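Remarks on the structure that follows.
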Amino acid sequence: MFTESVEKLASILKNGGIVIFPTETVYGIGALATNTDACLKIYSIKNRPSDNPLIVHFADKSEIEKYCEVSAIAKVLLDEFSPGPLTLVLKKKSDSLFSCGLSTVAVRIPDHAEARKLISLSGPIAAPSANPSGKPSYTKMEDVLEEFSGKVDGFLKATEPSYSMESTVLDLSQGKVSLLRTGSIDRRMIETRLGIQVKVHESSEIISPGMKYRHYAPNGKIFISKILPSVQAIQSKHYIVSNHLENSMDKSIPKIARIGFTMSDISNFDKIVFHNLEYMKSLYKFLLDCDKANIEIIYCQEPKDGEHADTIWDRLRKASSA
Ligand code: TXA
Ligand code: MG
């Protein structure tokens with residue numbers, strides 16, 4: 001069911017169904033957070049590793065307080081950034097929320113009126129990003145419909161995501177502020193508000209289970225470069241490489257796409273961006289378009305220093321790691 005009716009979708013959720021809905025960041029695939037069986041269905045639909053917990057989406061702060069311990073710092077952050085693309089990992093107060101067996105739960109209030117309306121009618125919704133595990137998050141309705149039609153019980157037809165990048169995840173459950181995933185909100189904005197340095201979580205030490213899986217990967221191979229080479233330079237480089245591979249049957253010129261600020265020439269699959277914000281917002285759609293066009297070689301220009309650079313770097317590194 002593809003509908004604008006939040007009432008219909010809330011009743012699907014209350015009956016244990018799975019619903020896809022937009023938020024201001026990316027599309028989510030949700031189940032009622034108090035229904036463990038429904039939450040578990042999301043794992044098989046997405047092919048998600050079973051130890052990777054889900055973000056629980058709330059309609060307002062008072063609801064979060066019913067289920068979680070909200071510390072003084074959490075209150076400040078909720079007041080400043082909620083509704084918005086910030087997820088806080090908090091200690092659970094009650095066992096009624098699905099939390100993958102952890103004593104903590106990740107919570108956020110989306111800055112998306114229709115999504116919040118749905119949550120206020122259904123109750124808290126546990127929802128990871130709506131994409132097959134390991135693929136870039138979806139930011140366009142046509143992509144979620146194509147991928148999930150027949151696999152879920154409903155789709156909310158509403159305003160598409162505006163950030164097109166996941167929320168920033170902060171862990172507050174250990175008595176300090178630790179950044180588990182950089183995202184739509186820049187770390188510097190949080191540091192400015194709190195007046196303290198936010199510890200960036202070391203990847204060797206896994207707290208957020210999602211950190212250990214390869215993410216955001218397109219089918220093509222990604223190269224990150226300071227200056228984008230011309231199409232011809234890329235083609236000749238990769239043509240020569242493939243010809244030298246032992247037993248290589250593929251002597252054809254690879255299909256190429258580039259994203260970045262400056263290009264000396266432009267081809268059909270290239271995406272020019274003007275600043276980091278536009279780069280961040282365009283990245284996932286660009287990578288998915290690359291898959292649709294069977295692009296084999298993807299060149300991504302390094303982001304400019306400044307706001308959103310950390311998030312773009314993070315996603316480029318993850319997308320390019322084998
Ligand atoms: O913008 C977003 O955050 C989107 C929209 C739909 O809200 N959701 C999203 O969910 O990106 P997902 O599941 O793709 O990413 C959630 C991340 C994962 O890396 C997961 O491991 C981490 O948050 N996480 C969830 N619960 C956690 C917890 N209790 N402790 C530590 N990390 C947690
Ligand atoms: Mg995800």
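Since this is a predicted model, take the numbers as computed values, not measurements. Start at 1 and go down the list; that is how both ligands and their atoms are numbered.
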query = Do any N/O atoms on Y27 end up under 3.5 angstrom from N/O atoms on ligand 1?
reply = no

Cation-aromatic face contact K92/Y67, 6.0 Å, 45 degrees = no

ask   = Do R258 side-chain atoms and P229 backbone N/O form a donor-acceptor pair below 3.5 Å?
value = yes

inquiry  = Give the atom numbers and elements of ligand 1 that come within less than 4.0 Å of a heavy atom of G28.
reply    = 6 (C)

query = Do Y163 and H112 have their ring centres less than 6.0 Å from each other?
reply = no

task = Please indicate whether any nitrogen or oxygen in S129 is less than 3.5 Å from any nitrogen or oxygen in ligand 1.
result = yes

inquiry  = Need the ligand 1 atom indices (1-based, order shown) with element for anything under 4.0 Å from a heavy-atom of L180.
reply    = 31 (C), 32 (N)

request  = Check each atom of ligand 1 against the heavy atoms of H57 and keep those under 4.0 Å away; list them by number with element.
outcome  = 5 (C), 6 (C), 7 (O)

query = Cation over ring, K221 on F223, under 6.0 Å and within 45°?
reply = yes

query = Are any of the N or O atoms of R48 closer than 3.5 Å to those of ligand 1?
reply = yes

inquiry  = Using a 4.0 Å cutoff against the non-hydrogen atoms of I55, which atoms of ligand 1 qualify?
reply    = 3 (O), 8 (N), 9 (C), 10 (O), 16 (C)

task = Would you check if the side chain of N276 reaches a backbone N or O of E307 as a donor-acceptor pair within less than 3.5 Å?
result = yes

task = Please say whether S167 places an N or O atom under 3.5 Å from an N or O atom belonging to ligand 1.
result = yes

query = A106 heavy atoms, cut-off 4.0 Å: which ligand 1 atoms fall inside?
reply = 25 (C), 26 (N), 27 (C), 29 (N)

ask   = With no hydrogens and no angle check, is any side-chain donor or acceptor of S184 less than 3.5 Å from a backbone partner on M165?
value = yes

message = Below 4.0 Å, non-hydrogen atoms only: which portion of T104 touches ligand 1? Side chain, backbone, both or neither.
response = both

ask   = In terms of atom number and element, which parts of ligand 1 are under 4.0 angstrom from non-hydrogen atoms of L102?
value = 29 (N)

message = We want to know whether T311 and D314 form a side-chain donor-acceptor pair, criterion being a heavy-atom distance below 3.5 angstrom.
response = no

query = How about S129: does one of its N, O or S atoms come closer than 2.8 Å to the Mg ion (ligand 2)?
reply = yes

query = Numbering the atoms of ligand 1 from 1, which are under 4.0 Å from a heavy atom of V26?
reply = 4 (C)

request  = Using distance alone, determine whether N52 and ligand 1 share an N or O pair under 3.5 Å.
outcome  = yes

request  = For E24 and P110, indicate whether the former's side chain and the latter's backbone hold a donor-acceptor pair under 3.5 Å.
outcome  = no

ask   = Of E4, E142, E114, which meets salt bridge (Lys or Arg N to Asp or Glu O under 4.0 Å) against K157?
value = E4

